[in-house]
Structure formats: C-alpha cells, structure tokens
A.B. asks: 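First the structure, which I've put down as structure tokens, then a few questions once you've had a look.
Quick note on labels: first sequence line is chain A, next is B, and so on, each numbered from 1. Side-chain atoms are counted along with the backbone in the values below, which use heavy atoms only and exclude waters and symmetry mates.
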There are 2 protein chains.
Amino acid sequence: MTMPSHDGLPGVDLRAVLFTIHDGSLLVALTEGEVGARLPRGVPSLTDPLDASARQIVRTATAVHEQYLEQLYTLSVREPAPWTIVVSYMALVSTTSGGSLDGREGLWHNAAEVPPLSETDRMVVDYALLRLRAKLGYTNVAFHLLPPTFTLTELQSAYETILSRPLDKRNFRRRVIASGILEQTADKRREGSHRPATIYRFRPEADGETYLTPPWAEGA
Amino acid sequence: MTMPSHDGLPGVDLRAVLFTIHDGSLLVALTEGEVGARLPRGVPSLTDPLDASARQIVRTATAVHEQYLEQLYTLSVREPAPWTIVVSYMALVSTTSGGSLDGREGLWHNAAEVPPLSETDRMVVDYALLRLRAKLGYTNVAFHLLPPTFTLTELQSAYETILSRPLDKRNFRRRVIASGILEQTADKRREGSHRPATIYRFRPEADGETYLTPPWAEGA
DNA sequence: TCAAAAGTGTTCCTTCTACACCCATGT
DNA sequence: ACATGGGTGTAGAAGGAACACTTTTGA
C-alpha cells in the first residue's frame with residue numbers, strides 16, 4: 001500500500017502499462033491485487049532516476065530486461081488521501097520467438113477487454129493505447145513489440161492488431177520500405193506450403209525522431 | 001529552497017515555462033533567484049490537484065489568471081539530493097491588448113537568448129519550445145498567445161515568431177480559414193494609411209483534438 | 001495441380017508549395 | 001498621387017488511397 005509522505009509533500013506512485021502482442025492480440029499486463037486487477041506499480045527508488053524505477057517495475061512484473069519505456073503523463077489522484085502523484089509509463093515487451101508467455105498467462109489480458117480497474121488505472125490504460133496507436137503513425141515503436149527479425153507480414157499484422165483495422169498490403173510495404181528503417185537479411189522463412197517470406201531486421205540507427213518524448217528521455 | 005521528503009520518498013517540485021509574445025518576440029518568464037535566473041517554481045499543494053498548483057505558480061509569477069497550461073514531462077534530478085521529481089509545465093499567456101508587460105519587464109526574457117540557467121531549467125525550456133513549435137502544426141495553441149480578437153496578419157506573425165521563419169501569406173490564410181477555427185467579426189481594424197484588416201475571433205468549440213495531451217487534462 | 005501466403009504497379013485524388021499583383025485607405 | 005499593409009488564385013509536385021494478379025513453395 002502506498003502511503004503519503006508525512007512532511008507536507010504528496011506521495012509518489014509509479015504505474016506501468018505493459019503491452020505485448022501474442023497470437024494476433026494486443027495484451028496488457030495486470031497483477032491481481034486485493035481488490036481485483038491492477039496495473040503493475042511501485043514507488044520510486046531513492047537511489048535511482050525515475051525511469052530506472054519504472055523499468056524495475058516492468059522487470060518485476062515480466063522478468064524481461066530489455067524494454068521500450070516511455071513516460072506517459074503525471075496525474076494527481078485523491079487516493080490515498082490527501083493526494084498522490086502518479087507518474088505513468090508505457091512499456092513494450094517484444095514477442096518472444098517461441099511465442100510462449102513465460103508461464104505467466106495469468107498476467108496478460110486482452111487489451112480489448114480489460115477487467116474492471118480503478119478509475120485511475122483505466123484512464124492510464126486508455127491513454128496508453130491512444131498514444132501507442134498515434135505513435136504507430138509517425139514512429140517505429142512497433143518494432144519493439146516484435147522479435148529481432150520478422151517478415152513484413154508479421155510487421156503488418158502487428159500494426160493491424162494495435163490499430164484493430166486492416167491495412168493495405170501494398171501501401172504498407174511501400175511505406176515501410178521507403179522509410180529506410182528496415183534491413184533485409186539473407187534468410188527466408190519457409191513455413192507452410194507457400195512462397196517463403198523475406199526476413200527483415202530493424203535498423204536502430206535509422207530510428208527517427210519522436211517530438212513527443214523529450215531528447216533526454218532514454219528510449220529502450 | 002525545496003527540501004526532499006524524509007520518509008523515504010523523493011521530493012516533488014513544479015516548474016513552469018511561461019511564454020508570451022510581445023513586439024514580435026517570444027518571451028519566457030524567469031525569476032531572479034539567489035544564483036541567477038530560474039524558472040518559476042513551487043511545490044505541489046496538498047489540497048489541490050497538480051494542475052491547480054502549476055496554475056498557481058503561473059499566477060504568482062504573472063498576476064494573470066486565465067492561461068493555457070500543458071504538462072510537459074516529469075524528470076528526476078539529483079538536486080537537491082538524493083533525488084527530486086520535477087514536474088514541468090508549459091503555460092501560454094496572451095498578449096494584453098495594450099501590449100504592456102504589466103510593469104514586470106524584468107520577468108520576461110527573449111526566448112532566443114535566455115540567460116544561463118541550471119541544467120534542468122535549460123532542458124525544460126528547450127523542450128517547451130520544441131513542443132510549442134511542434135504543436136503549432138497540428139493544434140490551435142497559438143490562439144492562447146493572442147488577444148481575443150486579432151487580424152490574420154497578427155496571427156501569422158505569432159506563428160512566424162514562434163517558428164522563427166517566414167510563412168507564405170496566401171498559404172497560411174488558406175489553411176487557417178479552411179480549418180474552420182476562425183470566425184469573422186463585423187469589425188475592421190483601420191490603423192495606418194492602408195486598407196483595414198478584418199478582425200477574427202477564435203472559435204473554441206472548433207478546437208481540435210491534441211493526441212499529445214491526455215483526454216483528462218484540463219486545457220485552459 | 002492445388003492451396004496458401006508472398007510479392008509487386010498504376011491511377012486517381014487530395015494536399016502542399018511556390019509565386020505576384022490589385023485593393024482600400026490615410027496623408 | 002503615393003505609400004502602406006490587406007487581400008486574393010493557379011499550376012506543378014508530392015504524397016496517400018484504392019485496387020488484382022502473378023510467383024513460389026509444400027503437399
């Protein structure tokens with residue numbers, strides 16, 4: 001239970017919205033608290049910067065170390081009284097190659113049908129999804145949800161899952177190739193009785209600017 | 001002097017970057033601290049939400065009540081030790097019709113040549129300017145820097161001041177009219193020996209969405 | 001030879017950019 | 001009549017959306 005500070009300052013609480021993609025669904029990590037599902041949370045460490053504390057919360061919830069992390073917004077809520085400052089983050093964890101959920105199936109919930117949450121948690125989840133969708137349009141965040149190598153069809157279906165709407169195959173490929181963010185590998189993925197797909201890799205050095213996140217924020 | 005909390009939580013500090021436009025220059029409000037110029041700052045009140053405290057800081061610095069306020073980012077800094085959480089805001093205060101600076105000329109500094117600031121303050125100012133410029137492109141924030149009525153030339157020169165680059169008159173007018181955000185008044189401004197300018201008013205109900213600011217943030 | 005996903009171009013339309021002259025007024 | 005800022009249109013370029021068939025493979 002987070003307690004407010006007692007020397008005249010409000011307490012500070014961190015919450016993280018963790019997204020991953022699994023089997024064509026966008027999933028959100030929720031822990032089971034005393035009063036139902038909640039976002040992974042914690043208080044900032046006194047020895048580390050805020051981002052490091054947020055990353056630690058993600059690690060604790062998922063046992064995954066490398067993540068994309070982005071600060072969302074800071075809000076003040078009346079609970080616990082009198083006021084608590086909640087700094088919210090969004091984290092993206094990439095689909096593991098195997099596709100298993102690390103045996104933590106209870107943690108992940110379909111983003112389209114989250115269980116009842118506190119008012120604050122629900123707002124933060126909704127906002128995270130809004131930001132994630134908006135960011136697909138002008139950044140390359142989607143790569144952080146995919147394994148290191150992937151096919152264009154896989155990339156497209158990640159986009160479609162997040163936006164929950166179909167995209168045109170030719171337009172999608174033209175744009176993503178033109179952006180210069182992809183690098184073809186020599187490998188092909190041959191699975192199933194059909195033409196094998198070219199495998200691509202993300203080129204981090206071609207990762208564009210964001211305008212949303214300040215220059216000093218450390219990305220992944 | 002902001003002190004850290006003593007019960008294991010970091011202290012919280014608010015800083016506001018106040019912009020206004022005056023005589024074709026973009027100005028930033030800076031107070032004179034013991035160690036040179038600083039951003040207006042304060043600690044969050046225990047009885048009000050964060051935004052209200054930020055607004056109070058702006059009021060104290062400028063004696064202006066109605067402002068556009070937008071949260072920028074929350075960062076953690078090592079000073080004062082061990083860590084302080086700094087929640088930063090950007091506020092826009094509108095040019096007063098008279099064009100005077102309310103007798104607080106010492107407060108306002110040209111944004112193009114701010115005096116030396118602390119590392120944190122400088123980062124926050126730079127980021128605020130980045131955000132303000134980016135937002136000109138897809139929102140109507142500029143109206144918050146203008147008096148309630150204005151001519152298209154005044155609006156354009158506000159844009160040019162912020163972007164510090166000239167804009168094409170015809171393209172600018174076409175876009176801003178097409179956006180539907182303006183409402184013509186019956187008045188004309190006749191000043192100087194030339195054709196009088198049509199006066200426009202901002203239509204708040206046509207104010208578009210932001211995507212940057214969460215839905216629950218209260219705008220102006 | 002069939003089923004299944006991979007891969008590939010063109011047309012249309014909308015939007016952005018560049019650019020120059022006439023208008024209404026005060027002195 | 002002239003100086004001053006207000007106001008207007010068009011053509012070319014670029015970018016986004018819609019749309020269907022051929023290719024390569026495994027079974």
A.B. asks: For this output row, return yes or no: ring centroids of A:Tyr68 and A:Phe143 closer than 6.0 angstrom.
C.D. replies: no
A.B. asks: From C-beta outward on B:Arg175, which listed nucleotide comes closest to its side chain: C:dG7, C:dT17, D:dG7?
C.D. replies: C:dT17
A.B. asks: For the pair A:Gln71 (side chain) and A:Val87 (backbone), establish whether a donor and an acceptor sit closer than 3.5 Å, ignoring hydrogens and angles.
C.D. replies: no
A.B. asks: Classify the nucleic acid contact of B:Thr153 as base, sugar-phosphate or nothing, counting any heavy atom under 4.0 Å across all strands shown.
C.D. replies: sugar-phosphate
A.B. asks: Heavy atom of residues 186-200 of chain B under 4.0 Å from DNA chain C: which residues?
C.D. replies: B:Gly192, B:Ser193, B:His194, B:Arg195, B:Pro196
A.B. asks: Can a salt bridge be assigned to the pair B:Asp126 and B:Arg122 using a cut-off of 4.0 Å between side-chain N and carboxylate O?
C.D. replies: yes
A.B. asks: Please produce a list of atom pairs where a protein N or O lies less than 3.5 Å from an N or O of nucleotides 10-14 of chain C.
C.D. replies:
residue, atom, partner, partner atom, Å
C:dT10, O4, A:Arg174, NH2, 3.2

A.B. asks: What's the shortest heavy-atom distance between A:Thr185 and A:Arg201, and which atoms?
C.D. replies: CG2-NH2, 3.7 Å
A.B. asks: Is a side-chain donor or acceptor of B:Ser88 paired with a backbone partner of B:Tyr73 at a separation under 3.5 angstrom?
C.D. replies: yes
A.B. asks: Rounded to the Å, how far apart are A:Gln156 CD and C:dG7 C1'?
C.D. replies: 12 Å
A.B. asks: Do any pairs count as a ring pair (Phe, Tyr, Trp, His ring centres under 6.0 Å) and have a residue in residues 158-199 of chain A, sequence neighbours left out, and if so which ones?
C.D. replies: A:Tyr159-A:Phe172
A.B. asks: Starting from P on D:dT23, measure out to CZ on A:Arg173 and report it in whole angstrom.
C.D. replies: 16 Å
A.B. asks: Round to the nearest Å and state the distance from B:Phe150 atom CZ to D:dG6 atom P.
C.D. replies: 14 Å
